[in-house]
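This one's a predicted model, so the numbers in the text were calculated from it and none came from an experiment.
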Amino acid sequence: MLISKAKAILDEMAFKFLNTFSPTKLVVGLSGGADSTLVLLLAHHIRKLNKNFSVKAVHCVHGLDADDPIWFDHCTLLCEKLDIEISTPKLHIVYGNGVSPEDSSRKERYSALLKESKDGILMLGHQSDDQVENFLLALKRGSGPYGLSGMRYCIRDSRGIIVRPLLHLTKDEIIEIINALGFDYVFDISNTYMKFERNFMRLKVLPLLRERFSGIDNAILRSQKLCAYEHDLAARYASSIFKPLYDEKSASLDFSTLNLDDESLITYVMRLFISEYTLMPPELNTVLEAINLCRISNDQLALVKLEDDLFLKRYKKKLYVVKNTQKPQKGEYVLSLGEKIKLGDYTYELYVDMSNEKITSASVVLDFNYSKSIVVHPEKRAHSRDIGKLFGEFCIPVWNRDIYPLIRSVNNKDIILGLGDLFVTRECKNSEYSSLRLKISAV
């Protein structure tokens, strides 16, 4: 390929990017292979055309291959040549018990890349051949339209913005462009290891398919596009149902009005809910377990594992995404106005609710020793009730109740001022504490 043609292709990709995105931080996932090298050259070119963009490379050290130092040195020298900052996080890859090295590596790599690209754009080097391989791998896993639809040029979701600018190019075209521009890359010997499913598809299955069916690549890409259309159309419908039922603050899904026998709809809605909290789209088995959790009786001990420290639990007619958190230890803690104290994985802060109040100092006692049978009188209720039943009225799941302290007067502990940030009592309303409120935040 002539250098003029290579530069023209680079210009075309850069201008497409500049016409789509405003200046921000560009984070390139850099392995050192041909694909990621071209993405780094593209990001560098974008920065030349608009200096309001910044560029950073992230080279993840997997620690699984003897050639890791070669890749590390190559990426470091390349970034030095291009005057691009580079970060080299060391991944903690654990596999076994049904988790493959590929799956563990992918999860850890995405976690590191997304952490670096927060408030920016993550640029990845997937290309056309990857799309074809992904289709076959998704077919092997029994994926639906979403898994079969392949990767998109741009994805905007809870993880941030992910751009894959090379999806229209093949591996051979990418190599030609890099060579024409005068750069080199490192060949990953692990791409020849047949123990990896992707390599088996690339080196064994696809050559046979291409030998028999000359247009198989284009046919697969066409099927991917049709699956993407089907998925996007379904997403528009399901999202309109999902959004009113989803509460981001409590990380919950209200399934009380959903028809659990409408399997196509409930499956899609559940997938949308789980995807809000996981790095990778959930497997079908996980989605089906979540649906079954909705169908069983109100078992507050049942759970569905999403990730290592992430679970689904049910309380009444809602599903909650629950993380493993450390609750405050039993005891009593004095909290003063304007201060914060950290108890377990939560912080507690006392503040003034009314701006016209002139309170400058006050203290309360946060009591985590109280009995749930204590009777209190919320300010806006006509009658008193025991705390256990009030938790139920406020729809606080059993596993979350230990984070709510009973708030007592520091001068007279018999005076109960409120329960966490749920409500204040009538005693509080008629006292010098009337404008004080407690704020609880997860760390």
Asks: Is the NZ atom of Lys342 crowded by more than 12 outside heavy atoms at less than 6.0 Å?
Replies: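 Yes, because the 6.0 Å sphere around NZ of Lys342 holds more than 12 heavy atoms from other groups.
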
Asks: Can you confirm whether Glu283 is buried at CD, in the sense that more than 12 heavy atoms of other residues, nucleotides or ligands lie under 6.0 Å from that atom?
Replies: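 For Glu283, atom CD is not crowded (no more than 12 foreign heavy atoms under 6.0 Å).
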
Asks: We want to know whether Ser31 and Ser36 form a side-chain donor-acceptor pair, criterion being a heavy-atom distance below 3.5 angstrom.
Replies: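 Result is yes, a qualifying pair exists.
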
Asks: Under 6.0 Å from the OH atom of Tyr229, do we count more than 12 heavy atoms belonging to anything else shown?
Replies: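 Atom OH in Tyr229 is not crowded, with 12 or fewer foreign heavy atoms closer than 6.0 Å.
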
Asks: Just checking, Lys140 and Phe135: is the charged tip under 6.0 Å from the six-membered ring centre and within 45° of the axis?
Replies: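 Not flagged: Lys140 not positioned over aromatic ring of Phe135.
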
Asks: Keeping the roles fixed (side chain from Lys5, backbone from Lys7), state whether a donor-acceptor pair exists under 3.5 Å.
Replies: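 No; judged by distance alone, with no hydrogens or angles, the pair does not exist.
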
Asks: What about Phe15 and His45, are their ring centers closer than 6.0 Å?
Replies: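 Centroid distance Phe15-His45: not below 6.0 Å, so no.
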
Asks: Under the 3.5 angstrom rule, does the side chain of Glu307 hit a backbone N or O of Asp309 as a donor-acceptor pair?
Replies: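 Not confirmed, Glu307 side chain does not pair with Asp309 backbone.
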
Asks: Verify side-chain hydrogen bond (donor to acceptor under 3.5 Å, both in side chains) between Thr170 and Asp172, making sure each step is shown before the conclusion.
Replies: CA-CA 5 Å; Thr170 66; Asp172 290 341; 5.3 Å; no

Asks: Does either side chain, that of Tyr346 or that of Thr325, offer a donor lying less than 3.5 Å from an acceptor on the other one?
Replies: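 Short answer, yes.
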
Asks: Counting neighbours of CD on Glu230 that are heavy atoms of other residues, nucleotides or ligands and sit closer than 6.0 Å, is the number greater than 12?
Replies: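 At most 12 heavy atoms, drawn from other residues, nucleotides or ligands, come within 6.0 Å of this atom.
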
Asks: Answer yes if the ring centres of Phe17 and Phe21 are under 6.0 angstrom apart, and no otherwise.
Replies: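 Centroid distance Phe17-Phe21: below 6.0 Å, so yes.
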
Asks: Give a yes or no on whether Glu332 atom CD has more than 12 heavy-atom contacts from other residues, nucleotides or ligands under 6.0 Å away.
Replies: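 Yes, CD of Glu332 has more than 12 neighbouring heavy atoms, counting only those of other groups under 6.0 Å.
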
Asks: Taking Asp217 first and then Arg210, would you say they form a salt bridge - that is, a charged N and a carboxylate O separated by under 4.0 Å?
Replies: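 The answer is yes: the pair qualifies as a salt bridge.
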
Asks: Does Arg385 use its side chain to pair, donor to acceptor, with the backbone of Val375 at less than 3.5 Å?
Replies: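 Side chain of Arg385 to backbone of Val375, a donor-acceptor pair under 3.5 Å: no, none is there.
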
Asks: Which pair of heavy atoms, one from Cys227 and one from Leu148, lies closest together, and at what distance?
Replies: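 The pair with the smallest heavy-atom distance is SG-CB, 3.9 Å.
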
Asks: Looking only at heavy atoms, what is the nearest atom pair of Pro282 and Arg271, with distance?
Replies: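 Shortest heavy-atom contact: O-NH1, 3.0 Å.
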
Asks: Please name the pair of heavy atoms, one in Ile387 and one in Leu419, separated by the smallest distance, quoted to 0.1 Å.
Replies: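 Looks like CG2-CD2, 3.9 Å.
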
Asks: Pick from Ser117, Ser87, Ser54: which one makes a side-chain contact (heavy atoms from CB on, under 4.5 Å) with Val27?
Replies: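 Filter result, single survivor: Ser117.
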
Asks: Using only atom types and a distance under 3.5 Å, with no angle test, would you say the side chain of Arg202 pairs donor to acceptor with the backbone of Glu133?
Replies: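 No, the answer is negative, given that no donor and acceptor are paired below the 3.5 Å cut-off.
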
Asks: Have Asp345 and Gln326 got a donor and an acceptor in their side chains that come within less than 3.5 Å?
Replies: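 Note: Asp345 and Gln326 side chains miss the donor-acceptor criterion.
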
Asks: Considering non-hydrogen atoms only, spot the tightest contact between Leu438 and Pro405 and give its length.
Replies: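 Smallest heavy-atom distance, with atoms named: CD2-CG, 3.9 Å.
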
Asks: Quick test of your reading of the model: are Lys249 and Asp247 salt-bridged, counting only N-O distances below 4.0 Å?
Replies: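 Salt bridge between Lys249 and Asp247, a charged N being under 4.0 Å from a carboxylate O: no.
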
Asks: Do side-chain atoms of Gln224 reach the backbone of Gln131 as a donor and acceptor pair under 3.5 angstrom?
Replies: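 Pair found, side chain donor or acceptor close to backbone of Gln131.
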
Asks: Of all heavy-atom pairs between Met201 and Pro207, which one has the smallest distance, and what is that distance?
Replies: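 The pair with the smallest heavy-atom distance is O-CD, 4.2 Å.
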
Asks: Once side-chain contact (heavy atoms from CB on, under 4.5 Å) is applied, do any residues pair with Arg437, and if so which ones, sequence neighbours excluded?
Replies: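 Partners of Arg437 under the side-chain contact (heavy atoms from CB on, under 4.5 Å) test: Tyr351, Asp353, Val424.
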
Asks: Look at atom NZ of Lys330 and say whether more than 12 heavy atoms of other residues, nucleotides or ligands are closer to it than 6.0 Å.
Replies: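 Yes, NZ of Lys330 has more than 12 neighbouring heavy atoms, counting only those of other groups under 6.0 Å.
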
Asks: Would you call Glu393-Arg381 a salt bridge at under 4.0 Å N-O?
Replies: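 Result for this pair is yes, salt bridge flagged.
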
Asks: When you check the side-chain N and O atoms of Arg198 and Asn134, is any donor under 3.5 Å from an acceptor?
Replies: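 Result is yes, a qualifying pair exists.
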
Asks: Do side-chain atoms of Arg164 reach the backbone of His126 as a donor and acceptor pair under 3.5 angstrom?
Replies: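 Side chain of Arg164 to backbone of His126: no pair is present.
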
Asks: Should we say atom NZ of Lys115 is surrounded by more than 12 heavy atoms from elsewhere, each under 6.0 Å from it?
Replies: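 No.
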
Asks: Does Lys16 offer a backbone N or O that forms a donor-acceptor pair with the side chain of Asn19 under 3.5 Å?
Replies: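 Judged by distance alone, no pair lies under 3.5 Å.
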
Asks: How far apart are the closest heavy atoms of Ile86 and His59, and which atoms are they?
Replies: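 It is CD1-CB, 4.0 Å.
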
Asks: Which one of Ile177, Leu181, Ile46 satisfies the side-chain contact (heavy atoms from CB on, under 4.5 Å) criterion with Leu10?
Replies: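 Of the listed options, the one satisfying the test is Leu181.
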
Asks: Walk me through whether Tyr404 and Phe368 qualify under ring-ring contact (aromatic ring centres under 6.0 Å, His included).
Replies: CA-CA 8 Å; Tyr404 296 94; Phe368 290 91; 9.6 Å; no

Asks: Is the number of heavy atoms from other residues, nucleotides or ligands within 6.0 Å of CZ (Phe255) greater than 12?
Replies: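 Atom CZ in Phe255 is crowded, with more than 12 foreign heavy atoms closer than 6.0 Å.
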
Asks: Quick check against the 3.5 Å criterion: does Thr267 have a side-chain atom that pairs as donor or acceptor with the backbone of Ser264?
Replies: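 The answer is no, because no donor-acceptor pair under 3.5 Å joins these two groups.
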
Asks: Decide, yes or no, whether a salt bridge links Lys372 with Asp386 under the criterion of side-chain N to carboxylate O below 4.0 Å.
Replies: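 Salt bridge: no.
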
